[in-house]
Amino acid sequence: MFDAIVVGARCAGSPTAMRMARRGYRVLLLDRARFPSDTISTHWIWPPGIACLKRWGLLDRVVASNCPPIRSLGLNLGAFILTGVLPAVEGVAEMYAPRRTVLDKLLLDAAAEAGAEVREGFAVTGLTTSGDAVTGIRGRQRGGPEIEEQARIVIGADGRNSFVAKSVGAGEYNARPMLTCGYYTYWSDVTPHLTAIHPHPRRMVVSFPTNDGLTLTYVACPREEFRAVRADLDRHITEGLGLCGDFAEPFRAAKRAGPIVGTGTIPNFFRKPYGHGWALVGDAGYHKDPILAQGISDSFRSVEWLAEAIHSGFSGERPLAAALADYQRTRDEHLTPMYNLCCDLASLGPPPPEIMSLYEALRHDEVERNRYFGTLGGTVPIPEYYAPENMQRIVAGAAGRA
Ligand SMILES: Cc1cc2nc3c(=O)[nH]c(=O)nc-3n(C[C@H](O)[C@H](O)[C@H](O)COP(=O)(O)OP(=O)(O)OC[C@H]3O[C@@H](n4cnc5c(N)ncnc54)[C@H](O)[C@@H]3O)c2cc1C
């Protein structure tokens, strides 16, 4: 009998197992994949996510993987470029974009080092129940017989198509239609350039450095173009880069270092993340468009909220159901503003006039420019910054200066 069985061992599952094992709980961590392995995801991590890695003692491992830090960021608006440095959170202002082959493996290793029992190549095929309570899982090691394992709680960290969520019928809420599809590829021999977001009507392009001297380029477009885009991925990437003016220059002599991958299935939803004997974390419980690359950072933060809730329930500090209800409340309160911002940006429409005025004002105001980038990265509160009176204050301040 385990205290917890965690299904899925990437950026939500492994840290959950690690955090619980470090508290002394008996944890089983399962994934049908083997590690290191890749998944469809670019891998940008904002300062709040990097701060989690630092607290967990794992940031040094990311740095040691030879993944370059990213200290400043650009927003290429065509007529001008805004450049900024994010306000720090817990002393962390850097961003990193480690390959998932690197990140997910080091998270898995950290869970094992903390004492979690790890089984790779193990597919969960069913949940065991008693009345309305989940009591464990059924599944099999590749090629092996079906077995059962029991636990006080089964945690679905099994991604947006979560088997655990489907099995327990976790309800969705605040769902929005799919907005974008996105494809990316890697390049070698790209000369260093400002990491920047390039918004265009119907396109968003992002490019950043990762491990092994490679640069990743992601091009998002409206979901309704999915079929046309998928029919000619080379064209999608080349035309996307072509919109970025001088930024495209370093790619002209660069070599593609991998296939073009991506997806047209990018739902936007929250799911109820707990019930009797089960909980959800990461994409299994909350998924949004990756236009602002928040999934890993959000997963890390949700891991901390969930692991603390389970501990306070298991230790008898308060009823587990009440602690898990707080987990849901905390997650939704903290992450809803960013969810709404991601959905707004993922509509890939032209910026409304008040945002154009803000951009113009930010050219003359370094502090507010940095804070603007902080809203994209989760280090500056979104409701406060985008409040009409605050935006008017910034615009008026810039006009006064001019
Ligand atoms: C195109 C794209 C680009 C993105 N770019 C970024 C980015 O730059 N930055 C960022 O922060 N986020 C990004 N994201 C989002 C990010 O990838 C996710 O938020 C993140 O991977 C969620 O991690 P997770 O552990 O919850 O789920 P996943 O990474 O999906 O992992 C789930 C794991 O569960 C396992 N599993 C599933 N079912 C079972 C089963 N039945 N039995 C056993 N194992 C099972 C799977 O094998 C998998 O390993 C992007 C997403 C997409 C689609």
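Owing to the predicted nature of the structure, the values given are computational and were not obtained by experimental measurement. Atoms within each ligand, like the ligands themselves, are counted from 1 in listed order. The residues of the chain are indexed from 1 along the displayed sequence.
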Under a 4.0 angstrom heavy-atom cut-off, which atoms of ligand 1 come close to [X]?
{"X": "Gly282", "result": "26 (O)"}
{"X": "Gly8", "result": "33 (C), 34 (O), 35 (C)"}
{"X": "Gln294", "result": "11 (O)"}
{"X": "Asp283", "result": "18 (C), 19 (O), 20 (C), 22 (C), 26 (O)"}
{"X": "Arg10", "result": "25 (O), 29 (O), 31 (O), 48 (C), 49 (O)"}
{"X": "Ala293", "result": "7 (C), 8 (O), 9 (N), 10 (C), 11 (O)"}
{"X": "Ala157", "result": "32 (C), 33 (C), 34 (O)"}

Throw together a table of side-chain donor-acceptor distances under 3.5 angstrom for residues 244-257, partners on residues two or more places apart or in other chains.
from, atom 1, to, atom 2, distance (Å)
Glu249, OE1, Arg252, NH1, 2.5
Lys255, NZ, Asp189, OD2, 2.8
Arg256, NE, Thr185, OG1, 3.2
Arg256, NE, Gly258, O, 3.2
Arg256, NH1, Asp234, OD1, 2.8

Taking [X] first and then [Y], would you say they form a salt bridge - that is, a charged N and a carboxylate O separated by under 4.0 Å?
{"X": "Glu239", "Y": "Arg203", "result": "no"}
{"X": "Asp326", "Y": "Arg318", "result": "yes"}
{"X": "Glu120", "Y": "Arg142", "result": "no"}

Heavy atoms only: which of [options] lies closest to [atom]?
{"atom": "atom 53 (C) of ligand 1", "options": "Leu107, Thr39, Val303, Thr263", "value": "Thr263"}
{"atom": "atom 2 (C) of ligand 1", "options": "Pro290, Gly159, Ala12, Ser299", "value": "Pro290"}
{"atom": "atom 49 (O) of ligand 1", "options": "Asp31, Val261, Asp289", "value": "Asp31"}

Answer yes if the ring centres of [X] and [Y] are under 6.0 angstrom apart, and no otherwise.
{"X": "Tyr218", "Y": "Trp44", "answer": "no"}
{"X": "Phe80", "Y": "Tyr359", "answer": "no"}
{"X": "Tyr25", "Y": "Phe314", "answer": "yes"}

Side chains of [X] and [Y]: is there a donor and an acceptor less than 3.5 Å apart?
{"X": "His193", "Y": "Ser207", "result": "yes"}
{"X": "Tyr386", "Y": "Asn340", "result": "no"}
{"X": "Thr217", "Y": "Trp187", "result": "yes"}

I need the nearest protein heavy-atom contact for [atom]: residue, atom name and distance, please.
{"atom": "atom 21 (O) of ligand 1", "result": "Arg100 NH1, 2.9 Å"}
{"atom": "atom 23 (O) of ligand 1", "result": "Cys11 SG, 3.2 Å"}
{"atom": "atom 36 (N) of ligand 1", "result": "Asp158 CB, 3.9 Å"}
{"atom": "atom 44 (N) of ligand 1", "result": "Arg32 N, 3.1 Å"}
{"atom": "atom 11 (O) of ligand 1", "result": "Ile296 N, 2.7 Å"}
{"atom": "atom 14 (N) of ligand 1", "result": "Ser41 OG, 3.6 Å"}
{"atom": "atom 9 (N) of ligand 1", "result": "Trp44 O, 2.9 Å"}
{"atom": "atom 5 (N) of ligand 1", "result": "Thr42 OG1, 2.6 Å"}

With sequence neighbours excluded, residues passing side chain to side chain contact (heavy atoms under 4.5 Å, CB included) with Pro68: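 Here the qualifying residues are Pro209.
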
Heteroatom distance test (Ala9, ligand 1): nitrogen or oxygen, under 3.5 angstrom: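 There is no such contact.
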
N/O separation below 3.5 Å, Leu30 to ligand 1: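 By distance alone, the answer is no.
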
Ser162, portion touching ligand 1 at heavy-atom distance under 4.0 Å: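 It is neither; nothing of Ser162 touches ligand 1.
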
[atom1] ([X]) with more than 12 external heavy atoms under 6.0 Å:
{"X": "Asn66", "atom1": "CG", "result": "no"}
{"X": "Arg235", "atom1": "CZ", "result": "no"}
{"X": "Gln150", "atom1": "CD", "result": "yes"}

Ligand 1 contacted by Gly262 (non-hydrogen, < 4.0 Å):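 No heavy atom of Gly262 comes that close to ligand 1.
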
Whether Trp46 lies under 4.0 Å from ligand 1, heavy atom: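 Trp46 does not count as a contact of ligand 1 under the 4.0 Å cut-off.
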
